[in-house]
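Order of appearance sets the numbers: ligands from 1, and atoms from 1 within every ligand. Along the sequence shown, residues are numbered consecutively beginning with 1. Just so it is clear, the structure is predicted and the values come from calculations on it, not from any experiment.
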Amino acid sequence: MQAWDVIVIGAGAAGLMCAAEAGKRGRRVLVLDHGKRIGRKILMSGGGRCNFTNYQVEPKAFLCANPHFVKSALARYTQWDFIALVDKHRIAFHEKTLGQLFCDDSAQNIVDMLVKECEQAGVSIRLRAEIMEVDRLGEGFMVATHGEAYSCHSLVVATGGLSMPKIGASPFGYRLAEQFGLRVLPTRAGLVPFTLQPEDKASLEPLAGVSLPVVAESEDGTRFAENLLFTHRGLSGPAVLQISSYWQPGERVCFELLPAGRLAEGVADSPNQELKTWLGRQLPKRLVEALLTREGLVNKPLKQYTPRELAAIEERLTAWSLKPGGTEGYRTAEVTLGGVDTHELSSKTMMATKVPNLYFVGEVMDVTGWLGGYNFQWAWSSGWCAGQVV
Ligand code: FDA
């Protein structure tokens, strides 16, 4: 049996960061991954340019049943630390919107950077390694793959969430947590497009391709000002992806298509204009057509509406609400909500408090960030923290 100080399962964002940090401390580190490529999600991320962090990382941008959990790691390894690493590797990047940082060239730059950091720290990486069994061995662990058995003092689980099974996502980390008696919170797809109820699909499908800025609001009052995109399958765009993480099946979602008060301004400024013409100057024309039919709005000059009618129209446009049929699920979701309960882990080291020397980093745990580089920042921060102690 080969002996290692540290075995990291998962050569993704969190696993590679953890491995490089542990290697720098002189630990003999082995990374095992069942995939045939390193960092596959990184390569796909941000449309191939990897939105690797955000200028405005703050704890409120993370969903977790234990909301204070993220604070320590995010404060110890910040977005500025990761940006310094990116600068050290001379990777050019830019801010796209809302503090989101993307590579100018390709997400491959980030994978190459992590691999280089691992190489310089003497880390070994083995791909196509199917893990068959993990067991306690003294104070450490035994890990058996198809062909080999390894022992280690510290075991780091960095196997990510369930989204995109086609590129290697698996429930391995959850099952391993359960094997060692740790609680796993129910999982569901996050940052994911909505599908529609059949009746909504019929009226909204012709809008595929229409995009507009809105404020999306979930039933718990969470709001995101971003773009809404109508697709052939349902609703997408950043506003929808963001609010999907706060949505539960059966709930409604509200979209502010027009800011409150805008219609009253229209009545004052253009009283002779018909509603349809006036709305066509505020919103995409195809959407206006669909809304008039769908919401049964009578078209006439703005001055001819009674205050009550105007209030009803205003209500429809400032709080356009529908009940999604569901989500597109893990097939297209960017992240998985839920996972290993952080109450079971140390917020400083990511070690399972009940199982010494067993660590969980990255998305496998119940920490999910907003869209915009937050999920990678969690992978870097949690991986770095574990890397200091494993
Ligand atoms: P990650 O999923 O990166 O790595 C897990 C690794 O474990 C994989 O290499 C996998 O093969 C391996 N593994 C799984 N099961 C195993 C098993 N049984 N045995 C061995 N190995 C196993 N976030 C962000 O901040 N900015 C962005 O731009 C994007 N964009 C984006 C696009 C798309 C299409 C997706 C699907 C996701 C994003 N994300 C994102 C989310 C981000 O990719 C995600 O949160 C991180 O990759 C999580 O990092 P981890 O290291 O935890 O898991």
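- Close approach of ligand 1 to Gly46 is summarised as follows: ligand atoms under 4.0 Å from at least one heavy atom of the residue are 28 (O), 30 (N).
- Scanning the protein heavy atoms around atom 29 (C) of ligand 1, the nearest turns out to be Ser45 CB, 3.6 Å.
- Between the choices Trp380, Phe376, Tyr330, the shortest heavy-atom distance to atom 46 (C) of ligand 1 belongs to Phe376.
- Looking at Gln377 against ligand 1, nothing comes within 4.0 Å, counting heavy atoms.
- Ring to ring, Phe180 and Phe360 are not that close: their centroids are 6.0 angstrom or more apart.
- Near Gly10, meaning under 4.0 Å from one of its heavy atoms, ligand 1 places the atoms 6 (C), 7 (O), 12 (C).
- Remark: ligand 1 atoms within the under-4.0 Å shell around heavy atoms of Met164 are 34 (C), 36 (C).
- Close contacts of ligand 1 with Gly168, meaning ligand atoms under 4.0 Å from a residue heavy atom, involve 10 (C), 11 (O), 14 (C), 15 (N).
- For Phe52, no heavy-atom contact with ligand 1 is shorter than 4.0 Å.
- Atom 5 (C) of ligand 1 has Ala158 O, 3.4 Å as its closest protein atom, hydrogens excluded (heavy atom only).
- Considering backbone and side-chain N/O atoms, Asn51 comes within less than 3.5 Å of an N/O atom of ligand 1.
- When the options Ile110, Asp33, Val31, Thr159 are ranked by their closest heavy atom to atom 12 (C) of ligand 1, first place goes to Asp33.
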Could you list the donor-acceptor pairs under 3.5 angstrom formed between side-chain atoms of residues 117-124 and any protein atom two or more places apart in sequence or on another chain?
from   : atom 1 : to    : atom 2 : distance (Å)
Glu117 : OE1    : Lys24 : NZ     : 3.1
Glu117 : OE2    : Lys88 : NZ     : 3.0
Glu117 : OE2    : His89 : NE2    : 2.8

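- Counting atoms of ligand 1 from 1 in the listed order, those under 4.0 Å from a heavy atom of Gly362 are 52 (O).
- Applying the 4.0 Å criterion to heavy atoms of Gly160 picks out, from ligand 1, the atoms 5 (C), 52 (O), 53 (O).
- Only one option out of Leu63, Val367, Val57 pairs with Val70 in a side-chain contact (heavy atoms from CB on, under 4.5 Å); it is Val367.
- Using a 4.5 Å heavy-atom cutoff, the side chains of Gln79 and Asn54 are not in contact.
- Contact of the Leu235 side chain with the Leu322 side chain is registered, since non-hydrogen atoms from C-beta on lie closer than 4.5 Å.
- Ion pairing between a basic and an acidic side chain is recognised when a charged N comes within 4.0 Å of a carboxylate O; Arg262 and Glu314 show no such pairing.
- For atom 44 (C) of ligand 1, the closest non-hydrogen atom of the protein is Glu363 OE1, 3.0 Å.
- Side-chain atoms of Arg76 and Gln388 form no donor-acceptor pair, as typed in the model, at a separation below 3.5 Å.
- Aromatic ring pairs are classed by plane angle as parallel below 30°, tilted from 30° to 60° and perpendicular above 60°; the pair Phe224 and Tyr246 is tilted.
- Protein heavy atom in closest approach to atom 4 (O) of ligand 1: Gly12 CA, 3.4 Å.
- Remark: Asn375 CG to Thr336 OG1 distance equals 9.5 Å, nearest 0.5 Å.
- Residue Ala169 does not touch ligand 1, judged by heavy-atom distances below 4.0 Å.
- Every atom of ligand 1 is numbered from 1 in the order shown, and the set under 4.0 Å from a heavy atom of Ser170 is 14 (C), 15 (N), 16 (C), 17 (C), 18 (N).
- Polar contact check, Ala14 against ligand 1: a nitrogen or oxygen pair lies under 3.5 Å apart.
- For atom 39 (N) of ligand 1, the closest non-hydrogen atom of the protein is Glu334 OE1, 3.8 Å.
- In terms of polar-atom proximity, Ala13 is counted as a contact of ligand 1, with an N or O under 3.5 Å from an N or O of the ligand.
- Residue contact check: Gly373 has heavy atoms under 4.0 Å from atoms 24 (C), 25 (O), 26 (N) of ligand 1.
- Nearest protein neighbour of atom 21 (N) of ligand 1, counting heavy atoms only, is His34 N, 3.2 Å.
- Members clustered with Leu137: Met1, Met142, by chain and number, using a 4.5 Å side-chain heavy-atom cutoff among hydrophobic residues.
- Under the 3.5 Å distance criterion, with hydrogens and angles disregarded, a donor-acceptor pair is assigned to the side chains of Asp81 and Thr78.
- Aromatic ring centres of Trp380 and Phe376 lie closer together than 6.0 Å.
- A distance below 6.0 Å separates the ring centres of Trp80 and Tyr55.
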